[in-house]
Amino acid sequence: MAQKVSKDYWSKIMRGPPYYGDMLHPILKKNYGKWKYHEHVKPGVVKYVAESGDVLYTVKAAIPKILSVDTVRVLCDIADKYSDGYLKFTSRHAAQFLITDESKIDPLIDELESKGFPVGGTGKSFKPIIHTIGWNHCHTAIYDAPGLAKAISDELFEYWKKPDLPAKLKIALACCLNMCGAIHCSDIAIVGLHRTPPVVDDEIVSKFCEIPSTIAGCPTFALKPKVLGPGKRSIEVDPKKCMGCGNCYSVCPGMKIFNPKYDCLSIWVGGKIPDSKTPPKFSRLIIPYVPNNPPRWPEVTEIVKKIVDLWRKHARPDERIGEWIERIGWERFFKLAGLEFTEKHIDTYLFSVRDFRSSTQFKWE
Amino acid sequence: MAQKVSKDYWSKIMRGPPYYGDMLHPILKKNYGKWKYHEHVKPGVVKYVAESGDVLYTVKAAIPKILSVDTVRVLCDIADKYSDGYLKFTSRHAAQFLITDESKIDPLIDELESKGFPVGGTGKSFKPIIHTIGWNHCHTAIYDAPGLAKAISDELFEYWKKPDLPAKLKIALACCLNMCGAIHCSDIAIVGLHRTPPVVDDEIVSKFCEIPSTIAGCPTFALKPKVLGPGKRSIEVDPKKCMGCGNCYSVCPGMKIFNPKYDCLSIWVGGKIPDSKTPPKFSRLIIPYVPNNPPRWPEVTEIVKKIVDLWRKHARPDERIGEWIERIGWERFFKLAGLEFTEKHIDTYLFSVRDFRSSTQFKWE
Amino acid sequence: MSLELNIDELKKELEKKPWLIEELKKGPWPGFITEYERMAARKEITKRMMCQLELSYRNRTTLWKHGGAVTVKGYGGGVIGRYSMIPEIGPPSGSHTFRVNQPAGWFYKTDKLRAICEVWEKYGSGLMNLHGSTGDIILLGVDSPEVQECFENLLDVGYDLGGSGSVLRSLSCCKGPALCEWALIDTLDLYHDLTMTYQDYLHRPHWPYKFKIKISGCPNDCVAAKGRADLAVIGTWRDEIQIDQEEVRNYVKSGLDIEHIVKNCPTKAMSWDGNELKIDNKECVRCMYCINKMPKALKPGKDRGATLLLGGKATILHTAFIGWVIVPFMKIEKPYKELKELLEKMWDWWDEHGRYRERIGELVYRLGMNEFLRAVGLPAVPQMVWHPRNNPYIFWRPEELE
Amino acid sequence: MSLELNIDELKKELEKKPWLIEELKKGPWPGFITEYERMAARKEITKRMMCQLELSYRNRTTLWKHGGAVTVKGYGGGVIGRYSMIPEIGPPSGSHTFRVNQPAGWFYKTDKLRAICEVWEKYGSGLMNLHGSTGDIILLGVDSPEVQECFENLLDVGYDLGGSGSVLRSLSCCKGPALCEWALIDTLDLYHDLTMTYQDYLHRPHWPYKFKIKISGCPNDCVAAKGRADLAVIGTWRDEIQIDQEEVRNYVKSGLDIEHIVKNCPTKAMSWDGNELKIDNKECVRCMYCINKMPKALKPGKDRGATLLLGGKATILHTAFIGWVIVPFMKIEKPYKELKELLEKMWDWWDEHGRYRERIGELVYRLGMNEFLRAVGLPAVPQMVWHPRNNPYIFWRPEELE
Ligand code: SRM
Ligand code: SRM
Ligand code: SRM
Ligand code: SRM
Ligand code: SF4
Ligand code: SF4
Ligand code: SF4
Ligand code: SF4
Ligand code: SF4
Ligand code: SF4
Ligand code: SF4
Ligand code: SF4
């Protein structure tokens with residue numbers, strides 16, 4: 001780090017992000033805080049009406065989450081052409097164009113579609129998958145979330161285009177138990193899992209790791225110190241107590257948790273975040289093991305499709321997946337979906353008792 | 001224990017309780033498992049009709065939980081006179097007489113009432129209080145549950161006689177945190193609390209206690225060993241970590257937890273056990289401190305009466321106290337009841353996070 | 001005890017009249033002070049217990065000491081040692097408690113009750129609890145020298161002790177088939193059979209802590225088993241609620257608000273068209289509500305058995321637990337082989353792994369339902385949980401990997 | 001890693017065509033492989049990243065190494081060190097990540113976006129995440145020697161880094177008043193103000209672990225703050241939902257099933273008599289459902305502010321938490337003094353008591369809400385819990401006893 005820095009460096013840093021006021025389309029500035037209502041015009045297109053009478057249309061397009069600068073420039077070109085040089089990305093990472101001239105909507109859609117950015121995703125539709133970076137760029141990735149996101153999105157593409165699901169469909173993927181993206185409150189979530197304890201690389205542990213904090217960080221007390229020789233220490237794992245969270249690997253590279261042969265994917269359903277009707281809910285485990293099968297994970301996409309179809313068939317209007325399942329009961333859902341229930345579905349951790357059914361109320365199936 | 005025992009002693013022990021078959025009124029034996037339905041005849045009286053057409057009336061009378069043999073004999077006399085020498089005690093410790101001859105009902109009621117055993121408690125009424133033994137006979141009692149039970153029952157007497165509450169009313173009292181009687185699922189519960197940490201009597205601890213297990217038994221890790229001298233050990237309390245559960249005193253008499261000046265009563269509401277409509281519920285803290293004010297604890301009886309009146313006024317038919325409160329929300333209940341909410345009402349223990357409101361859904365009051 | 005006890009001062013307190021406990025003689029509910037008075041008139045121990053009680057009321061504290069081990073020959077439990085802190089005033093050398101095992105469902109023939117009164121008048125204070133919260137007949141206050149003989153006399157009149165300490169505690173059960181149309185299992189027979197089968201576990205301390213079994217004939221749970229039994233056996237059914245439509249209409253005619261009932265069904269399994277009540281039984285969760293409201297018209301189904309819930313207990317130490325489903329349905333038929341086998345497996349596992357003063361529910365919490373289920377050979381089913389787990393902290397056994 | 005990496009074999013694998021990742025070019029959804037191809041054509045680092053990705057797909061494992069500390073002068077976070085396990089094939093000497101702080105609400109003028117593309121094409125792989133899950137612009141893959149200069153170029157075009165490590169992470173907020181009729185607070189301004197006020201906390205590791213703030217204009221929570229922000233700021237209102245009855249009738253006329261909506265209200269606060277919609281506002285829990293269904297007819301109230309929730313986080317270590325209410329209502333008005341004071345008190349307390357890698361919600365769990373509330377000076381209110389505690393394990397401070 002003995003690099004040279006430019007003279008005014010210390011006055012330039014800590015400048016913060018670009019000021020949003022400079023990033024807003026003039027119509028947004030004018031009507032800031034004074035929007036009146038919105039209407040769904042057609043898939044991908046929402047009309048906003050301001051108290052001033054001003055009208056704005058948003059057009060939402062799917063983009064890959066990993067983008068080249070080339071593609072970003074294409075999006076900029078389109079924004080220059082149709083939306084006065086302004087655009088927005090949504091919190092689920094779609095691109096949104098802001099159109100003041102209604103007649104530009106269809107040409108914009110044509111151009112977006114022709115360039116490979118399908119328009120859709122408004123209303124009760126399949127939303128862009130929130131996913132993490134996977135093998136593309138992370139050292140703890142069990143599977144490649146961007147790849148699986150692509151495969152699932154292809155599978156559910158029709159629901160991107162047609163907003164006729166019972167409610168919104170929010171899928172999120174995390175390539176390891178760190179669960180970047182906070183996928184734990186998603187309608188459908190897919191998490192990479194380790195099924196074997198870490199293999200300890202004594203060399204690395206003794207040289208590079210803070211042994212006490214690594215040991216203290218294991219939530220199930222599976223670790224204890226091991227003496228290798230005079231002044232040389234490492235860590236010992238009790239495999240029976242390890243549930244593969246990978247926390248030890250996060251803090252110490254010598255705790256080699258990866259095991260491509262046994263690592264797998266798991267599927268979770270029923271989470272949500274809004275308070276609309278029902279409070280936020282966690283996603284719940286439905287399948288603890290699905291093979292890690294790149295490049296397109298057919299086992300996963302098949303299950304996802306099946307759950308979505310089941311939900312479409314059985315849910316009432318406005319029912320998110322979790323709301324539907326809680327109405328019919330998890331026992332019924334497992335039956336309907338033909339899923340196997342095992343001991344792995346029962347919580348064994350900190351708050352487990354509150355998940356146990358302290359009641360004789362249940363359905364037989 | 002070097003006492004002599006009778007010759008046939010070893011063949012007599014382990015005989016178990018009296019055989020219930022010998023304890024049943026002949027009409028119960030005859031219609032065993034073949035009862036058809038029941039009807040409420042009037043307060044305290046229920047009519048049972050068997051498939052055979054047989055009819056039986058039960059008459060329910062309040063009795064003290066602590067009884068002298070004299071009074072038990074009085075009850076036996078009454079049973080001999082009216083119910084063929086048979087009687088039953090209920091799971092909440094009322095006496096029940098089994099009448100086959102309808103014309104005996106009123107004379108029986110008259111006799112019971114005149115002897116001081118008021119008839120009532122059927123249907124949607126105030127049920128006998130479940131309570132523990134208190135100062136009468138327990139070494140960990142903070143207050144006298146039998147005494148308070150009497151005081152509250154006097155206060156609520158009208159609801160014993162008239163079954164016109166929104167639903168059943170089940171009150172339970174425990175004189176210490178051991179909560180004998182499992183009062184944690186009662187409509188209203190009153191528990192004795194310690195508010196100060198134990199004072200350690202080093203003499204007793206060092207002589208009579210198993211120090212490691214006493215220390216290990218403290219749920220909040222408030223205890224650690226203390227060396228008094230060579231071979232002489234005791235225990236040290238961290239007062240900040242102690243929440244007065246009394247578990248250390250249960251296993252070691254030297255951990256003197258009693259403090260009549262500061263020990264107090266606490267009030268809990270909203271529990272239930274049946275699965276009818278809603279699953280079983282825990283009682284929840286509403287008042288952490290009420291003074292321990294024998295002989296009649298006026299502060300407690302007043303609050304209990306107030307809650308019952310509030311419930312009568314606001315609940316819908318068939319709503320137990322907890323069901324009513326959960327419908328309107330605890331914030332509304334606190335407001336209606338004019339109760340103060342404090343940090344003490346928020347769980348700080350093992351499963352606390354699951355009690356925290358992870359939602360923006362709440363009422364302002 | 002931060003209280004310093006001065007016997008002379010305490011004696012003086014007793015001279016101040018009226019006594020505080022006399023206040024408890026007022027009011028319409030039957031009180032217990034007159035019960036003391038009755039026995040105090042002829043029993044010294046009871047008089048002393050009463051003096052001590054008055055002093056507790058005056059000083060706002062218990063005056064009983066931490067109990068010592070008091071037992072009868074051959075038993076580990078059933079008697080609770082009790083000594084006064086003020087033997088100069090209270091019982092001088094012991095005022096122990098007998099827990100006497102009650103007959104199933106607390107049904108009595110009067111001669112049996114009179115018999116226990118006889119014994120208790122002779123040996124003890126003459127005061128008893130009918131019944132204790134666990135269910136026993138609680139005899140309060142017997143002096144140390146009388147314990148063994150009193151017990152033998154109890155045996156002679158047909159009684160035996162109940163449980164105390166780290167044993168199987170006295171069971172309890174609702175009146176069930178003896179006097180309830182909803183009893184879905186024979187609560188009384190199961191109570192008696194288990195009690196007799198496990199006499200040894202009941203009387204001789206074996207375990208890490210106490211174990212309680214309570215049996216209710218239906219989900220109304222009239223012995224509150226779900227909240228306070230390590231194993232709750234709750235009658236239930238698997239088929240359809242039996243409906244007598246004519247009687248439904250009669251209820252409605254006589255003013256029953258049936259819409260209110262239909263609305264309160266937790267799974268909205270009912271519908272009423274003004275003439276007929278329909279129940280969608282596969283949606284019904286057998287909560288009993290509709291049946292409770294119309295006992296003449298509705299009856300539980302015919303394919304009967306029990307749901308078993310594990311882990312109910314009071315608040316010490318891991319907070320109170322309400323029992324949770326471990327077996328959604330088990331046929332409960334004599335000689336109750338399946339249930340007994342399960343109990344024994346559970347006890348073995350708990351006995352092996354449980355810590356000192358750890359209830360079985362707390363052990364399941366500590367080691368996990370997975371360990372428990374595997375140890376006792378029960379299949380995991382969704383009925384055991386409100387919802388599946390929300391964290392990925394899953395255990396895998398090596399043999400599961402392939 | 002139980003995988004043994006043999007570079008020669010891996011190289012051979014790459015010769016086998018077609019590559020697996022090409023499969024991901026199929027299908028209608030826009031894919032990312034072509035993005036690689038575009039940049040790989042002119043950037044060596046990207047070509048190498050792509051080769052490595054293909055090998056990950058073949059071997060079903062990541063090929064990135066545990067990151068080392070890579071930073072820019074004066075900052076503690078914002079860059080994530082990334083090295084290849086197979087530098088012979090993948091990036092030879094580093095492929096680090098820049099987290100670049102996004103403008104509030106992810107609104108852009110195209111020139112600003114083009115500017116960052118410029119810099120990134122020059123110094124990095126040319127691949128980016130628009131955006132990362134926390135909200136930053138994620139620039140993927142820059143070689144070690146370029147880090148500092150690349151950063152300075154980013155500064156020059158008006159960007160700055162976001163957070164990584166044990167710091168305040170980049171905030172996020174919904175579009176709010178810029179483009180939503182339901183925004184009850186000025187999400188964008190609050191975002192920007194807090195970000196600027198706390199630049200030091202954002203860039204310089206201070207704390208036991210990360211801290212995230214997310215801001216949503218209403219309870220719909222379009223940035224999913226409740227589930228993943230240590231502090232979630234959620235717009236709400238205290239008075240009455242504004243109803244335009246004419247528009248309600250219009251919705252009904254055009255086919256809206258209003259009975260369905262009335263029935264779905266969680267507190268049954270609505271009623272519809274065929275002509276007028278009534279809302280009992282004191283029963284309303286502001287869930288947004290009815291408003292969501294009829295944006296033309298219903299509007300949130302006028303007395304606006306925010307509910308604050310604490311503790312949202314993912315699963316490591318104490319399982320996932322959804323944030324819980326710590327302030328039911330706070331006015332959110334510039335200069336946000338009340339909120340900032342609270343934040344600072346929270347941070348101080350957490351900083352003092354938090355363990356290594358302990359999120360603030362976990363600390364509250366460990367020490368108790370009572371400790372937290374007292375430390376930050378917030379009053380306990382019933383809105384903080386679903387229901388009061390069920391165990392008697394209450395702490396008393398000596399001064400409370402009298
Ligand atoms: C653009 C965006 C905000 C942003 O600043 O980026 C946004 C925009 C809108 N949201 Fe949202 N939401 C956005 C992410 C979210 C999220 C966050 C997420 O998905 O990770 C949530 C909470 C997560 C969840 O649902 O579990 C969210 C929950 C809602 C809800 C509640 C839905 C529900 O099922 O209860 C509504 C109300 C509704 O749609 O009825 C809503 C409504 C809306 C409205 C109608 C608000 C408005 O008047 O503009 C906008 C949608 C029009 C449409 O149908 O496309 N928005 N919305 C985000 C678009 C993401 C995307 O690309 O799809
Ligand atoms: C006698 C007794 C059983 C026994 O073997 O001793 C009993 C007897 C009956 N119970 Fe019970 N219950 C008895 C304790 C209980 C308990 C346990 C307790 O209170 O500790 C419960 C569960 C605890 C609770 O409620 O939280 C209990 C919850 C019920 C329920 C459900 C009530 C509810 O609020 O949901 C019903 C159904 C009903 O009444 O509608 C019920 C119904 C009945 C019926 C109608 C059953 C029948 O057909 O005989 C009997 C009551 C007639 C009446 O109104 O007096 N019984 N019942 C117990 C009387 C105790 C007492 O002296 O009051
Ligand atoms: C007599 C009785 C109270 C009453 O007046 O009804 C009682 C009295 C005592 N209980 Fe209890 N418990 C009694 C029913 C209960 C119940 C209710 C039940 O069994 O349905 C419970 C709650 C349910 C449960 O087991 O969780 C109960 C939970 C406790 C506890 C806490 C156990 C726990 O795991 O949380 C203790 C503490 C202990 O075991 O050290 C305890 C301890 C005690 C001791 C033995 C105090 C001690 O540590 O020495 C008391 C003896 C007093 C005496 O002189 O007889 N008692 N105890 C009840 C037994 C009578 C009977 O056999 O019928
Ligand atoms: C890039 C990103 C995933 C993505 O592709 O979108 C990401 C990537 C990483 N996350 Fe994350 N996290 C990302 C958002 C999240 C989120 C979502 C959020 O912030 O809303 C979460 C869940 C919310 C939360 O904080 O609880 C998240 C929870 C974690 C955790 C677990 C933290 C916990 O307390 O449970 C770790 C583990 C750690 O901190 O050691 C982690 C660690 C990591 C590391 C730094 C892995 C590591 O230990 O070195 C990853 C770096 C990959 C790389 O090369 O850039 N990441 N991480 C997201 C950040 C982009 C951005 O700044 O915009
Ligand atoms: S979920 Fe795990 S593997 Fe994926 S980006 Fe986050 S830390 Fe990396
Ligand atoms: S993976 Fe998790 S559970 Fe296993 S040893 Fe490491 S920290 Fe402990
Ligand atoms: S609640 Fe406590 S004081 Fe009362 S009888 Fe039980 S153990 Fe004794
Ligand atoms: S009373 Fe409870 S918390 Fe306090 S020291 Fe004793 S065991 Fe620990
Ligand atoms: S539990 Fe059921 S079967 Fe037993 S008495 Fe109560 S209502 Fe009847
Ligand atoms: S028993 Fe309960 S769940 Fe079943 S139909 Fe009746 S009310 Fe509904
Ligand atoms: S959170 Fe509310 S205010 Fe913000 S964009 Fe979503 S709906 Fe609009
Ligand atoms: S906002 Fe929600 S709670 Fe309030 S009236 Fe509308 S639907 Fe009901």
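Below, chains carry the letters A, B, ... as their sequence lines are ordered, and counting in each starts from 1.
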**Request:** Check each atom of D:Trp386 against the heavy atoms of chain A and say whether the ones under 4.5 Å are side chain, backbone, both or neither.
**Result:** side chain
**Request:** Could you look at A:His184 and say if it's the side chain, the backbone, both or neither that has a heavy atom under 4.5 Å from chain D?
**Result:** side chain
**Message:** Atom NZ of residue position D:Lys293 - does it have more than 12 heavy atoms of other residues, nucleotides or ligands inside 6.0 Å?
**Reply:** yes
**Prompt:** chain D: which of A:Arg296, A:Lys277, A:Lys12 shares the most heavy-atom pairs with it under 4.5 Å?
**Reply:** A:Lys277
**Message:** So which residue, D:Arg355, D:Arg82, D:Lys65, D:His203, ends up with the most heavy-atom pairs under 4.5 Å with chain A?
**Reply:** D:Arg82
**Asked** Considering only heavy atoms, which portion of D:Cys174 lies under 4.5 Å from any heavy atom of chain A: side chain, backbone, both, or neither?
**Response** neither
**Message:** Tell me if the aromatic rings of D:Tyr159 and D:Trp120 count as close, with their centers under 6.0 Å from one another.
**Reply:** no
**Request:** Check whether the side chains of A:Tyr9 and D:Gln148 place a donor and an acceptor atom closer than 3.5 Å, and report yes or no.
**Result:** yes
**Asked** Where on A:Ile133 is there a heavy atom nearer than 4.5 Å to chain D: the side chain, the backbone, both, or neither?
**Response** side chain
**Check: D:Gln102/D:Ser170 side-chain N/O donor and acceptor closer than 3.5 Å** = no
**Message:** Quiz question: by atom type and distance under 3.5 Å, do the side chains of A:Tyr48 and A:Asn31 form a donor-acceptor pair?
**Reply:** no
**Message:** For A:Leu98, which atoms come within 4.5 Å of any heavy atom of chain D: side chain, backbone, both, or neither?
**Reply:** side chain
**Item:** Region of A:Tyr32 in contact with chain D, defined by heavy-atom distances below 4.5 Å
**Value:** both
**Request:** Please look at D:Asn292 and chain A and tell me whether the side chain, the backbone, both or neither of the residue comes under 4.5 angstrom of a heavy atom of that chain.
**Result:** side chain
**Asked** Non-hydrogen atoms of chain A under 4.5 Å away: do they reach the side chain of D:Asp189, the backbone, both or neither?
**Response** both
**Asked** Are the charged groups of A:Asp70 and D:Arg42 less than 4.0 angstrom apart, N to O?
**Response** yes
**Prompt:** For A:Thr90, is it the side chain, the backbone, both or neither that has a heavy atom under 4.5 Å from a heavy atom of chain D?
**Reply:** backbone
**Complete:** Whatever's closer than 4.5 Å to a heavy atom in chain A on D:Met49 counts as side chain
**Item:** Which portion of D:Lys299 sits near chain A, non-hydrogen atoms under 4.5 angstrom
**Value:** side chain
**Asked** Is it the backbone or the side chain of A:His25 that comes under 4.5 Å from a heavy atom of chain D, or both, or neither?
**Response** neither
**Item:** Contacting region of A:Asp263 [heavy-atom separation from chain D under 4.5 Å]
**Value:** neither
**Message:** Taking A:Lys150 first and then A:Asp154, would you say they form a salt bridge - that is, a charged N and a carboxylate O separated by under 4.0 Å?
**Reply:** yes
**Request:** Please flag which part of D:Thr195 lies under 4.5 Å from any non-hydrogen atom of chain A: side chain, backbone, both or neither.
**Result:** side chain
**Part of D:Glu118 within contact of chain A (heavy atom distance under 4.5 Å)** = both
**Request:** Quick one: which of D:Tyr83, D:Tyr365, D:Trp182, D:Tyr191 has the most heavy-atom pairs under 4.5 Å with chain A, could you say?
**Result:** D:Tyr365
**Item:** Structural part of D:Ala183 lying under 4.5 Å from a heavy atom of chain A
**Value:** neither
**Request:** Please look at A:Leu56 and chain D and tell me whether the side chain, the backbone, both or neither of the residue comes under 4.5 angstrom of a heavy atom of that chain.
**Result:** side chain
**More than 12 heavy atoms of other groups within 6.0 Å of A:Lys36 NZ** = no
**Asked** For the rings on A:Phe351 and D:His318, is their centre-to-centre separation under 6.0 Å?
**Response** no
**Request:** Could you tell me whether D:Phe32 and A:His137 have their ring centroids closer than 6.0 angstrom?
**Result:** no
**Fill in**
Cut-off 4.5 Å, heavy atoms of chain A, and the answer for D:Thr46 is neither
**Item:** Contacting moiety of D:Ser216, where chain A heavy atoms sit under 4.5 Å
**Value:** neither
**Message:** Among D:Leu20, D:Asn129, D:Ile138, D:Asn101, which residue has the highest count of heavy-atom pairs closer than 4.5 Å to chain A?
**Reply:** D:Asn129
**Request:** Pick one of side chain, backbone, both or neither for A:Cys218, based on which atoms fall under 4.5 Å of a heavy atom in chain D.
**Result:** neither
